[in-house]
Amino acid sequence: MVHTQKTQRADIPMLWKKMEVYFVGVAGMLCFLLVYGPHLMGAYVWDDVYLVQYHPALRSADGWRVLWMTDLWGGATGRSSQLYHPLPMWSFWLEARWWGLEVHKARLINGLLHVGVGVLLWGLLRRWLGGRLLAWLGAFLFWLHPLMTETVMWLTGRHDGMAVFLAMLALWFWPIEGAFRWRTLFSAVLAALCCAGALLCKEPYLVLPLLLALLPWCLSSPMRRVRWSLVLSILPIFSVFMVMVVRRSLGISSDSAQLDAPIMEHLQHFFTIGLRYAVQLLSWQGAPTIAPYNPMPAWLWGSGAALVGCVMVWVVWRWRRSHRHVERLLAERGVCEEGEASERIDRVFVGMDVCKEGAEVEGMGVCKEGAEVEGMEVCKEGEASEGMEVCKEGEASEGMDEVLVKGGECKKGEGSEASDVLGEADLDARAWGLILWGLVAYGLCWGPHLLSMPMIGLWGNRYAYFPWVLLVIVAMGAAVVMREVVSVSMRRVVGGMVVMVVIWGGVATAQEAGHWKDNLTLYRADVMRDPSNGRAMYHFAHAVRMRGGCQQAAGLFLRAAHLDPTYLRSWQNAAGCLLEIKRYREALEPARQAVKRAPSVARMRYNLALALFFTQQHSEALKEVTEALALSPDYAPAQRLFFALQTLPTSRPPSALSRPSALSRPSSLFSHPSSLFSHPSSLFSQPSNRSSIPLQPSNP
């Protein structure tokens with residue numbers, strides 16, 4: 001009975017080990033439901049309106065062809081872009097076919113991807129560092145960071161969530177060390193396919209093959225262990241190359257005007273982006289959804305670059321030192337590569353007439369499993385052969401203790417001094433390798449963003465999704481190397497503080513998720529967080545206009561224009577709103593500012609001409625509308641205004657422009673600006689965020 005109880009207790013850790021991954025998944029789902037669950041219902045916000053709600057291909061049976069054969073915005077609005085994200089868009093198409101496109105269901109899918117990334121992060125930390133507590137802590141740190149909210153609650157954030165999930169799968173499948181086998185090749189092929197899938201979700205993951213190639217170098221010091229891994233790196237590189245070939249064959253360009261920027265400007269943007277997100281992530285802060293991008297001054301990013309350089313030199317030095325220490329210990333103990341035998345261990349076992357399974361020892365034959373060895377007898381389970389004693393689980397006989405200690409080995413659950421030293425040194429080496437790889441990967445993942453963020457002019461919370469995974473890996477590696485420096489009592493204090501931070505992060509994340517109810521709630525939160533943010537004020541004004549009309553939004557558009565005078569849409573929509581509510585004289589200034597910033601856009605000329613027309617400045621109005629028709633001869637609102645001006649006796653245009661053949665006279669004159677245009681787009685600019693890599697948006 002006692003033996004049975006002990007056996008049952010011994011089976012509990014084994015059961016936990018087998019079921020732990022499921023427990024992690026359940027814990028992740030509980031976190032998601034507690035934090036995000038109350039806020040899953042809501043309206044389509046931001047680009048979700050164009051890319052999901054009104055995307056024509058998502059509602060048609062053969063729409064998947066459009067998604068795979070056109071660029072992202074070309075399939076949604078007809079205006080081409082340099083974005084190609086067919087995989088997440090295809091997932092939306094499948095949702096529409098299976099259970100309908102609804103906001104709460106799509107957000108639930110995003111949440112499942114978020115939980116899956118955390119589970120994979122837990123698995124990688126368990127594999128690389130071995131610590132169960134650190135793996136769990138890393139998963140919770142990832143799940144409950146406030147900056148991750150955008151990727152989960154924004155439907156278009158699935159592009160990042162799915163890409164990071166595939167990137168984590170690639171890291172999981174990628175072989176790091178061990179002998180080369182067919183199974184190794186199969187794992188490398190799977191990792192390569194995941195790299196291609198990540199690139200089909202979003203362009204920044206072009207750098208993923210490079211991250212895979214660097215991983216064995218950082219975690220395995222001897223060159224012979226990574227030589228075959230470098231050869232296998234050809235597979236993910238080839239998969240990414242094939243995706244780029246497909247993009248090219250579809251006519252989707254990957255050029256960017258930012259490529260021609262000087263090297264110092266690239267460095268300025270690189271350290272601006274990397275340092276700003278690092279501070280934001282490590283300080284456990286959320287951020288506005290709409291935040292204008294501003295590069296750091298030279299002295300600030302230069303100081304940051306110097307600090308980063310010193311840290312990287314120190315990390316590389318510690319990494320090399322730790323690996324050399326492990327190699328020295330292995331040489332002293334005579335431990336060799338997998339499949340070889342240590343001379344010292346061989347001598348000990350030969351002296352005891354004990355043979356290794358399936359190996360031939362000097363003076364003895366090959367021992368098959370269960371066969372009798374010369375000079376020894378085989379006994380049944382639980383019995384003892386002559387001259388030997390049977391030990392309970394976790395214990396060792398005296399004779400075997402002597403053998404294991406002589407060979408530098410230890411009993412189950414215990415460790416000899418030499419083995420403990422080697423194990424600690426090897427763990428330190430892997431931890432320093434992870435720190436080095438995580439920091440290098442963090443820097444590399446910002447490379448593609450240098451070609452988009454300066455041109456788009458916006459920070460994006462979703463851009464921090466994969467970098468936060470890398471920083472969590474760095475933090476867990478740092479916790480391993482600091483374990484000897486920090487006392488046990490201090491570890492408990494730090495652990496308690498970390499738990500409090502995680503709990504506070506869950507509360508902050510739930511608050512951030514509550515902002516995604518609709519556009520008005522989302523942009524109001526940004527304005528309250530930063531009242532001087534002109535871009536956020538513009539988006540808030542647009543949401544107010546859609547809800548309550550121009551009477552309420554006109555002043556907000558003017559406020560946004562004065563906060564950020566360089567933003568064209570604020571001037572354009574301020575002029576449009578003032579024209580709609582018949583405040584024509586007030587509309588003159590924003591209309592002129594819009595023309596000043598975009599003189600080659602017909603809509604801007606038309607708005608100014610309309611304001612001039614209703615303030616009795618007919619000759620100037622005719623001049624502006626003529627310019628608008630020269631830029632866009634088929635622009636119908638400008639055609640109607642042109643002919644209206646012709647009916648006035650004081651307006652006599654030049655003969656060359658008096659009767660353009662492409663125009664036709666309207667049947668009646670008008671007294672309100674709403675009769676001058678057939679669609680609100682003639683006056684207003686809809687908010688849109690086409691931020692990705694390496695692209696320039698088509699509209700300002």
Side-chain angles (χ1 to χ4, degrees), residues 46 49-50 77 79 290 519-520 523 527 534-617 620-625 627-629 631-632 634-642 644-645 670-689 697-700:
W46 208 359
V49 175
Y50 311 104
T77 63
R79 292 177 290 180
I290 304 296
N519 277 326
L520 192 62
Y523 301 134
V527 171
R535 299 254 184 135
M537 182 66 73
Y538 162 77
H539 283 76
F540 176 61
H542 194 279
V544 170
R545 170 183 167 263
M546 299 300 293
R547 180 74 63 88
C550 277
Q551 193 70 40
Q552 300 178 20
L556 296 174
F557 279 126
L558 285 173
R559 174 66 176 163
H562 288 98
L563 288 173
D564 187 359
T566 63
Y567 197 46
L568 172 64
R569 294 181 186 177
S570 297
W571 294 112
Q572 178 187 355
N573 283 20
C577 257
L578 291 170
L579 287 170
E580 185 171 307
I581 59 179
K582 301 182 182 181
R583 293 161 59 178
Y584 305 121
R585 292 199 176 276
E586 295 178 53
L588 282 173
E589 180 59 24
R592 286 195 174 100
Q593 292 292 337
V595 170
K596 179 181 178 181
R597 285 162 176 78
S600 60
V601 179
R603 286 186 299 173
M604 311 304 165
R605 297 278 184 181
Y606 169 72
N607 284 359
L608 178 56
L610 201 62
L612 293 168
F613 174 80
F614 282 103
T615 54
Q616 307 301 316
Q617 303 179 56
E620 294 184 25
L622 182 60
K623 178 182 176 182
E624 292 298 332
V625 77
E627 290 288 341
L629 288 173
L631 293 169
S632 180
D634 297 329
Y635 191 30
Q639 294 175 2
R640 291 194 290 270
L641 179 59
F642 179 84
L645 286 166
F670 42 81
S671 58
H672 189 273
S674 61
S675 61
L676 296 178
F677 52 90
S678 57
H679 192 274
S681 63
S682 59
L683 290 178
F684 301 103
S685 173
Q686 306 293 327
S688 174
N689 176 40
S698 58
N699 54 336

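Values below: all heavy atoms of this structure, side chains included; hydrogens, waters and symmetry mates excluded.
A search for side-chain contact (heavy atoms from CB on, under 4.5 Å) contacts involving Ala553 returns Val544, Arg545, Phe557, Cys577, not counting sequence neighbours. Residues forming a salt bridge (Lys or Arg N to Asp or Glu O under 4.0 Å) with Glu586 (at least two apart in sequence, or on another chain): Arg583. Applying the side-chain contact (heavy atoms from CB on, under 4.5 Å) criterion to Ala536, with sequence neighbours excluded, gives Ile290, Asp526, Val527, Asn533. Scored by the side-chain contact (heavy atoms from CB on, under 4.5 Å) test, Ala543 finds Asn519, Leu520, Tyr523 as partners (sequence neighbours excluded). A search for side chain to side chain donor-acceptor pair (under 3.5 Å) contacts involving Gln617 returns Thr615, not counting sequence neighbours. Here Arg535 pairs with nothing under the side chain to side chain donor-acceptor pair (under 3.5 Å) rule; sequence neighbours left out.
Ring-plane geometry between Phe614 and Tyr584 is classed as parallel, the angle between the planes falling under 30 degrees on a 0 to 90 degree scale with a further cut at 60.
Minimum heavy-atom separation, Ala587 to Ala575: CB-O, 3.9 Å. Heavy atoms only, all atoms of each residue included: Leu641 and Ala609 are closest at CD2-CB, 3.7 Å. In terms of heavy-atom proximity, Pro565 sits nearest to Arg597 at O-NE, 2.5 Å.
Residues in residues 551-564 take part in these side chain to side chain donor-acceptor pair (under 3.5 Å) pairs, two or more places apart or across chains: Asp564-Thr566.
The side-chain heavy atoms of Arg603 and Ser632, taken from C-beta on, include no pair separated by under 4.5 Å. Between Leu558 and Leu578, some side-chain heavy-atom pair lies under the 4.5 Å cut-off. Two residues are said to be in side-chain contact when any heavy atoms from C-beta on lie closer than 4.5 Å; Leu645 and Lys623 fail this criterion. Annotation: side chain of His539 is in contact with side chain of Trp46 (closest heavy-atom distance under 4.5 Å). Val601 has its side chain out of reach of Gln572: every pair of non-hydrogen atoms, C-beta onward, lies at least 4.5 Å apart.
Arg605 places a side-chain N or O within donor-acceptor distance of the main-chain N or O of Pro599, the cut-off being under 3.5 Å.
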